[in-house]
Student: 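What follows is a single structure, and I will ask about it in a moment.
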Amino acid sequence: MALFPTAWTTPRVELDNRSKRWLTFASFAIPILLWSIFSYVPFVWHPQVEITDPGDVSYFREGTLIDKDIYQREIDNLIAKQQQNPELNLPQGNPANPVYLPAPHQVLTALYTAFKTPPKRSNEPWFHESLGHSIQIIAWGFFWSMLFGLPLGILAGTYDATSKLIEPFTEFFRYLPAPAFGALAVAILGIYDAPKIAIIFIGTFFQMILITANTTRKLNMAIIEASLTLGCKGFSLIRRVIIPGALPDLYRDMRILLGWAWTYLIVAELIGTSSGITWFITQQARYKNFDNVFAAILIIGLIGLITDLILAKLGKRFFPWHNAAH
Amino acid sequence: MTLAPHPLTTWQTNAISDRNRRILQRPKVLEISGLGKSFHHKGQKNKVLEDIEFNAYKRELICVVGPSGCGKSTLARMIAGLETIDVGQIQVEGQPVEGPGSDRGMVFQSYSLFPWMSVKENVMFGLTQGGHSKNTAESEALQWIDLVGLEKFADAYPHQLSGGMKQRVAIIRALANQPKVLLMDEPFAALDPQNRLKMQQYLLEIWQNIDITIFFITHDLDEAIYLADRILVLDANPGRVHEIVSVPLPRPRQANTLLDPAFLATKEYLHRLVHPPQVEVDLEAKLSMVRLVPVNAQVPDIF
C-alpha cells in the first residue's frame, strides 16, 4: 500500500478535485497547526513562565513573563531559605511563550479588534484608514509604473532597436535597490506621499520593462508574420496584433509585479513621515501589541491573496481563448 | 551525344501537353531571377539558395519539392518578403518584392490564426487593414466562410476548431485579401492523411474558381503531383533548381488519380530526383554484434 495515492507522485499529472481541495486545505492547515502546537502545547518550546502568584519573590508581579532559568533560580533560592524561615511562599506560574509570539486565537481576535480600536490620539488614523492609505500608495506607484513601463516594454519586445536602446540601461538600473533612493526621493519630493509612490515606482518600473519586453518577445512569430503578409505593419501591427496577442501573458506578469509592489510598500512607508500600515505596525510593536502586529501582517497577506484570486478569475473571463489554447 | 527523351513524355497526352503549352503563354505573375541567399551561423556562411531562375504564370499551381534543407521554405518566405534577398530579384506582376505586402498571401504550417479573434474576425483582419469598412469586410468575410462550409463556426474561436478547419480559415483569410500569389508553406503537413486529401481537394476546388496563382511548398510527393501544374524540384546544399517537371495528368483530377499509372510513374521519377540512392548500411552485420534476444526467449523469432 502506497503512502500517497499514485496520482500524487506522478509528475505533472492533474489531480482529482478531492485531492486538490485536500491539499489546498492542508497548505494552510499545516502552518496553522504548527503555530497552534507551539502556542498551546505547554511542553513544546514555551521558554518563559507567566507568573500567576508572585509568592515571596520581591520583583515578581502577577502576569509578568520571566525566563524559565531565572524562575527556577528564584525557586531554588526560596527553597534554600525555607529551611530557616518556613513561612516563605513559593511563586506559581504557567509555561508561556514570549510576548512576540501571540497564540492563534489572540491574533484572530486582533483581526477584528484592530478595526474597532480607536487610535490613541484623535489626530491619528484608524486601522482601516491606515490600510486605505497603503493601498492608495501602491495603486499610484503601480499606475505610474504601468503607464510608462508597459509601452516601453512592448516597444522593446517588438523592435530589436528599441530593445538595444532601452534594455541595457534598465538591466543596470534594476540592480539599484529601490530603498536606496529613499533619502533622495524625500529631498526632491518632500516628506508625504510622493516619495513613497516614487519608491514603489522605482521598485517595479525597471522590472516591468524587462518582463514586458520578454513576454512580448515570446509572442508566436508565425502570428506576426501572418499579419505582415496580410498587409499589417508599423503601429497598426502593435495595436492589432502584438498587444492583443501578448495581453493575457502581460496581465499575468502584472499580477506577479503587483505582489512585488507590496514588498516595497513597507520600506516606502518608512520614508519621510511614517504612514499607512507600516505606521500602524511600528506603533503597535512599540506598545507590545504583537497580536495587532500579526493581524496587520496577515491582513496584507489576505489582501494580496484575495486581489490575486480576483484578478485570476477576471483574467479567465477576459481571455477565454488563452488557457484553452494550450 | 543524343539527348534521351524525358521519361515522362510518354505520359503527356496531346490534351495535357497542349494545356501545359498554353500555361506558358499566360502573363507572368511571379518572376524569380538570379536569386541567392546565405545564412550566417557561428561565423560560417551557409548557402541556402543559389541562382534560382523561375517564372510562374497566371492562375498556375506550382509545387516545390526537394530534400530537407534545400531551402524551399526560405524561397517561399523570400517571396513573401519575410526574408531579405541577398542577390537577384523577385518580381510580382512586374513589381520588385521589397518586404511583406498584401499582394502575396501566405499560409503557414503552424496554425497562425489570431487566437483572440473569432473565425469571422480573423478573415476580416486583412480586409479592414486594407481600408474596407467594417460592414463590407464582414459581409465579404461571411461569404468566404460560407465557401469553405464553416458558416456554423463564424463566431467560434480558433481553439475550438479542428486542424483542418483552422487551415481552411487560414486559407480564406489569405484569399480574402485578394493577393496575386498565394504562398503555402507545407500547410497540410500537420494533418492526418485523410484530412490532408480532403484539404487538397478543397484547395483545388477553390483555386479553379478564383483568379489566384499558388506557390505550394511540400515534402509530400503525392501531394505535389496531385496538386501541381508544374513541380519545381530543388537540390540541397546549396538549393538550386534541379528540374521543372510538368505533371502529365489531366485536370480536373479524378478520385482515382492517385492510382493512375502516369501518377505512379511521375512519383517514381520524382522520388529518384529528391531522394537519390544512398549507401546502405549493413544492418544485419551490425545487429549480429549485439545479442538482442536471449537464447531461451519465449518467442525466439517473429516469423
Side-chain angles (χ1 to χ4, degrees), chain A residues 14 150 153-154 157-164 212 215-255 311-326, chain B residues 73 76-77 79-83 97-119 121-132 137 156-161 166-167 169-179 181-185 187 190:
Chain A
E14 202 176 328
L150 278 176
I154 288 170
T158 305
Y159 301 109
D160 206 25
T162 25
S163 160
K164 289 287 170 296
T212 305
T215 301
T216 311
R217 260 194 290 274
K218 280 205 193 104
L219 180 63
N220 187 358
M221 193 59 190
I223 284 179
I224 295 174
E225 287 181 341
S227 54
L228 285 170
T229 59
L230 290 167
C232 190
K233 53 183 133 191
F235 181 67
S236 173
L237 178 72
I238 294 180
R239 187 177 60 85
R240 294 191 71 188
V241 178
I242 290 178
I243 293 179
L247 204 56
D249 287 324
L250 290 179
Y251 182 83
R252 191 209 49 217
D253 291 344
M254 291 309 114
R255 270 170 55 202
L311 289 176
K313 274 263 176 322
L314 282 177
K316 278 204 178 134
R317 178 75 60 84
F318 291 154
F319 315 114
W321 49 271
H322 187 246
N323 290 321
H326 294 302
Chain B
S73 275
R77 291 172 56 81
I79 299 170
L82 297 172
E83 302 277 354
V97 166
E98 273 156 0
S102 57
D103 56 337
R104 287 147 288 139
M106 185 145 179
V107 178
F108 300 80
Q109 181 189 340
S110 64
Y111 309 124
S112 56
L113 298 179
F114 305 126
W116 62 94
M117 292 183 189
S118 67
V119 166
E121 289 166 326
N122 263 287
V123 181
M124 284 166 64
F125 181 87
L127 293 166
T128 48
Q129 194 61 42
H132 286 69
Y157 285 84
H159 72 262
Q160 297 164 308
L161 305 180
K166 282 184 203 170
Q167 285 310 59
V169 177
I171 291 169
I172 58 171
R173 181 179 66 175
L175 288 176
N177 240 7
Q178 293 188 306
V181 182
L182 180 65
L183 303 157
M184 304 183 83
D185 187 2

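In what follows, every chain begins at residue 1, and chains take the letters A, B, ... in the order their sequences are listed.
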Student: Which bit of B:Arg77 is near chain A, if near means a heavy-atom gap under 4.5 Å: side chain, backbone, both or neither?
Tutor: side chain

Student: The test is side-chain contact (heavy atoms from CB on, under 4.5 Å); show your working for A:Ile223 and B:Trp116 and say whether it passes.
Tutor: CA-CA 11 Å; A:Ile223 284 179; B:Trp116 62 94; 4.1 Å; yes

Student: For the residue pair B:Ala174 and A:Leu230, what are the closest heavy atoms and their distance?
Tutor: CA-CD2, 4.1 Å

Student: Between B:Val107, B:Thr128, B:Leu183, who has the most heavy-atom pairs with chain A when the cutoff is under 4.5 Å?
Tutor: B:Thr128

Student: Can you tell me how far apart CG (B:Leu113) and CG (A:Asn220) are? Round to the nearest 0.5 Å.
Tutor: 11.0 Å

Student: Counting heavy-atom pairs closer than 4.5 Å to chain A, which one of B:Leu82, B:Leu127, B:Asn177 comes out on top?
Tutor: B:Leu82

Student: With a 4.5 angstrom heavy-atom cut-off, is it the side chain or the backbone of B:Ser118 that approaches chain A, or both, or neither?
Tutor: neither

Student: Going from CE on B:Met117 to CZ on A:Arg240, what distance comes out if it is rounded to the nearest 0.5 angstrom?
Tutor: 5.5 Å

Student: State, to 0.1 Å, how close A:Pro320 and B:His159 come at their nearest heavy-atom pair, and which atoms those are.
Tutor: O-CE1, 4.1 Å

Student: Considering only heavy atoms, which portion of B:Phe125 lies under 4.5 Å from any heavy atom of chain A: side chain, backbone, both, or neither?
Tutor: both

Student: Going from CD on A:Glu225 to OG on B:Ser110, what distance comes out if it is rounded to the nearest 0.5 angstrom?
Tutor: 8.5 Å

Student: Ignoring hydrogens, what is the shortest heavy-atom contact between B:Gln129 and A:Ser236? Give both atom names and the distance.
Tutor: NE2-OG, 2.8 Å

